[in-house]
Amino acid sequence: GGSDAAKRNAGESAADLVTDGMVVGLGTGSTAAHAIRAVGRAVDSGLDVRGVATSFASRELAREAGIPLSDLDEVNGIDLAIDGADQIADGDLVKGGGAAHAREKIVDVAADRFVVVADPSKEADRLDRAVPVEVLPAARETVAAAVRSAGGDPTLRSAERKDGPVVTDNGNLVLDCEFGPIDAPSALAATLSETPGVVEHGLFVGVADEVHVGTDDGVTVREL
Ligand code: DER
């Protein structure tokens with residue numbers, strides 16, 4: 001992954017887009033965390049915003065940062081969502097490294113403006129990272145079979161400091177599905193979405209509006 005300075009520069013650059021009265025989608029991951037902390041500092045200085053978290057982790061971080069929070073079903077739309085990505089190519093994303101992509105996609109897609117924060121290691125010419133797929137636990141084998149017939153190689157994501165698989169905030173499991181280079185992300189996204197038992201996949205196709213790519217000494221902003 002990229003340097004912390006690069007992640008911080010990206011996160012703080014995106015946080016500068018937050019203005020008074022906004023409802024802000026708060027993404028998950030170490031890069032979005034810098035944006036959350038920066039928004040928290042702005043709130044300390046009087047910024048009036050409401051945050052909508054995308055995971056247990058981002059909610060806890062936002063609370064620590066002092067950002068007033070609302071649930072997604074309490075707000076009337078989201079003005080801006082700031083979120084990280086595992087890979088970016090041609091404006092499409094692979095997300096889900098933090099197994100939060102189901103709620104992230106709801107918030108990111110609902111937002112009037114979805115800004116990605118990343119470091120250069122996330123940029124690629126073509127998406128080729130494993131695609132995280134959140135599945136209902138009972139459907140993990142049937143989804144795995146469907147992934148294989150679509151040319152993928154599914155692996156149940158096991159937890160680091162817990163015996164057994166990662167369990168998402170929604171109580172589901174995650175299959176990391178290797179497809180190699182993904183030539184047609186929207187076609188693959190449709191195939192995954194149509195598979196019974198798939199709760200959400202990590203292909204964010206044509207969703208992001210802008211990306212802030214941090215480097216150690218600055219940030220590059222690109223419209224997508
Ligand atoms: O889970 C996600 O989609 C996160 O946004 C993510 O994977 C990026 O995390 P990072 O900013 O810590 O690399």
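Every number for a ligand or one of its atoms is a count from 1 in the order of the listing.
Closest to atom 4 (C) of ligand 1, if we only count protein heavy atoms, is Thr28 O, 3.1 Å. The protein heavy-atom contact nearest to atom 7 (O) of ligand 1 is Asp86 OD1, 2.6 Å. For atom 1 (O) of ligand 1, the closest non-hydrogen atom on the protein side is Gly98 N, 2.8 Å. The shortest contact between atom 11 (O) of ligand 1 and any protein heavy atom is with Thr31 OG1, 2.7 Å. Atom 12 (O) of ligand 1 has Ser30 OG, 2.6 Å as its closest protein atom, hydrogens excluded (heavy atom only).
Close approach to Asp83 involves these atoms of ligand 1, each under 4.0 Å from a residue heavy atom: 5 (O). Residue contact check: Gly96 has heavy atoms under 4.0 Å from atoms 1 (O), 2 (C), 3 (O) of ligand 1. Close contacts of ligand 1 with Lys7, meaning ligand atoms under 4.0 Å from a residue heavy atom, involve 12 (O), 13 (O). The atoms of ligand 1 that sit less than 4.0 Å from any heavy atom of Lys95 are 2 (C), 3 (O), 4 (C), 5 (O). Residue-ligand proximity, Gly84 to ligand 1, at heavy-atom distances under 4.0 Å covers atoms 5 (O).
In Val117, neither the side chain nor the backbone holds a heavy atom less than 4.0 Å from any atom of ligand 1. Under 4.0 angstrom from ligand 1, the non-hydrogen atoms of Ala85 all belong to its backbone.
A donor-acceptor contact shorter than 3.5 Å is absent between the side chain of Gln87 and the backbone of Leu93. Listed for the Arg157 side chain is a donor-acceptor partner under 3.5 Å among the backbone atoms of Gly97. With Asn9 contributing its side chain and Thr215 its backbone, the two residues share a donor-acceptor pair below 3.5 Å.
Side-chain contact between Glu134 and His101 is present, with heavy atoms from C-beta onward closer than 4.5 Å. The shortest side-chain heavy-atom distance between Val213 and Lys122 does not fall under the 4.5 Å cut-off.
In this structure, Arg126 pairs ionically with Asp183, as a charged nitrogen and a carboxylate oxygen lie closer than 4.0 Å. The pair Lys95-Asp83 counts as a salt bridge, with a side-chain nitrogen and a carboxylate oxygen less than 4.0 angstrom apart. We find that Arg41 and Glu12 are joined by a salt bridge, their nearest charged nitrogen and carboxylate oxygen being less than 4.0 Å apart.
Looking at Ser193 and His201, their side chains do bring a donor and an acceptor atom within 3.5 Å of each other.
Remark: Asp73 CG is packed, more than 12 non-hydrogen atoms of other residues, nucleotides or ligands lying under 6.0 Å away.
Considering both main-chain and side-chain atoms, Ala32 never comes within under 3.5 Å of ligand 1 through any nitrogen or oxygen pair. On a distance-only criterion, Ala99 and ligand 1 share no N/O pair closer than 3.5 Å. Taking distance alone, with nitrogen or oxygen atoms compared against 3.5 Å, Gly29 stays at or beyond that limit from ligand 1.
Nearest to atom 2 (C) of ligand 1 by heavy-atom distance, out of His101, Lys122, Glu104, Lys105, is Glu104.
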(request) Apply salt bridge (Lys or Arg N to Asp or Glu O under 4.0 Å) to the pair Glu210 and Arg113, showing each step before the final yes or no. (result) CA-CA 8 Å; Glu210 186 174 302; Arg113 188 179 183 196; 2.7 Å; yes

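Using a 4.0 Å cutoff on heavy atoms, Gly27 does not count as a contact of ligand 1.
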